[in-house]
Amino acid sequence: MIGEYISALSNSAALCERPKAYLVWGVDDATYKIVGTEFQYRKMKKENEELEAWLSRMLSLRINFRFFEVPMDEGMVVLMEIPCAEKQPVQFAGGEYLIPHHMNCDGKSE
C-alpha cells in the first residue's frame, strides 16, 4: 500500500504543481493531533528485502523519496518526503496512481 501512496502522491504533486508531497505516520487524520506511531521503516522488510530497497525497485521512475523520524512528546512522527513526478507518471508495480478525485490540491475534501 505504501508503494501506491508514493505513486499517487508523486503524480498528484506534479498535477498540482507542487515540488513535493508528504506521507505522515503518527498524526490523526481527522484531528491532526500527534498520536505517535510504531512504524519503523528501517526494520520493515518486504519479500526478504529492506522496505526502502523494495520500494525503490518496484517504482518506475526512480524517485528519491526520503524518510524522516521526528520524536515528539506525544510519540514518534515519521514523514516520508516524495518528490513530484517529472516528464511522466511514477508507477508502482506497473500501475499509475493519483490521490482520490474528491481531494483538491490542498489535500482537503471538496
Side-chain angles (χ1 to χ4, degrees):
M1 189 127 182
I2 294 173
E4 288 93 343
Y5 282 139
I6 294 170
S7 171
L9 289 167
S10 181
N11 295 332
S12 297
L15 287 174
C16 292
E17 300 178 344
R18 302 289 168 85
K20 298 175 184 169
Y22 295 89
L23 187 54
V24 181
W25 290 265
V27 176
D28 184 270
D29 290 337
T31 65
Y32 303 114
K33 289 184 181 179
I34 297 170
V35 295
T37 183
E38 300 295 319
F39 178 62
Q40 297 179 350
Y41 69 93
R42 288 188 181 107
K43 294 182 179 180
M44 294 188 75
K45 292 192 181 249
K46 186 73 172 171
E47 300 173 6
N48 291 325
E49 194 173 1
E50 291 182 6
L51 179 64
E52 287 181 273
W54 179 80
L55 287 168
S56 291
R57 184 172 57 78
M58 298 297 290
L59 289 166
S60 64
L61 306 163
R62 298 271 176 173
I63 59 172
N64 294 318
F65 60 84
R66 301 185 314 169
F67 285 99
F68 298 93
E69 294 177 323
V70 183
M72 306 291 288
D73 291 339
E74 299 88 341
M76 183 65 70
V77 173
V78 177
L79 302 170
M80 182 183 220
E81 181 181 76
I82 303 163
C84 71
E86 296 182 8
K87 298 183 184 173
Q88 67 186 58
V90 171
Q91 296 181 349
F92 176 75
E96 298 171 0
Y97 299 87
L98 289 171
I99 58 172
H101 69 279
H102 65 276
M103 300 293 284
N104 65 27
C105 284
D106 292 325
K108 300 190 187 266
S109 294
E110 292 181 339

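Partners of Ala8 according to the side chain to side chain contact (heavy atoms under 4.5 Å, CB included) rule, which considers only residues two or more places apart in sequence or in another chain, are Tyr97. Not counting sequence neighbours, the partners of Pro89 by the side chain to side chain contact (heavy atoms under 4.5 Å, CB included) test are Asn11, Glu96. Take Tyr5 and apply the ring-ring contact (aromatic ring centres under 6.0 Å, His included) test, not counting sequence neighbours, and it matches no residue.
Val35 belongs to no hydrophobic cluster with other residues, because no ILVMFWY side-chain heavy atom falls under 4.5 Å from its own, directly or through intermediates.
For Glu86, the CD atom counts as loosely surrounded, since its 6.0 Å shell holds 12 or fewer non-hydrogen atoms of other residues, nucleotides or ligands. Residue-environment remark: CD (Glu49) exceeds the threshold of 12 foreign heavy atoms within 6.0 Å.
The shortest heavy-atom contact between Ala85 and Gln88 is CB-O, 3.6 Å. Of all the heavy atoms in Ala14 and Cys84, the pair that sits closest is N-CB, 3.7 Å. Closest heavy-atom contact between Ile34 and Gly75: CG2-O, 4.4 Å.
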Take Thr37 and Val77 through the side-chain contact (heavy atoms from CB on, under 4.5 Å) test and state the conclusion after the steps. CA-CA 6 Å; Thr37 183; Val77 173; 5.9 Å; no
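Here CG of Asn64 is found 10.0 Å from CD of Glu81. Values are rounded to the nearest 0.5 Å.
Side-chain atoms of Met58 and Ile6, non-hydrogen and from C-beta on, never get closer than 4.5 Å to each other.
Remark: side-chain polar atoms of Ser10 are paired, donor with acceptor, to backbone N or O of Pro83 under 3.5 angstrom. Counting only distance, with no hydrogens or angles, the side chain of Ser7 and the backbone of Val90 share a donor-acceptor pair below 3.5 Å.
Residues in residues 26-46 take part in these salt bridge (charged side-chain N to carboxylate O under 4.0 Å, His left out) pairs, two or more places apart or across chains: Arg42-Glu69. Residues in residues 49-85 take part in these ring-ring contact (aromatic ring centres under 6.0 Å, His included) pairs, two or more places apart or across chains: Tyr41-Phe67, Trp54-Phe92.
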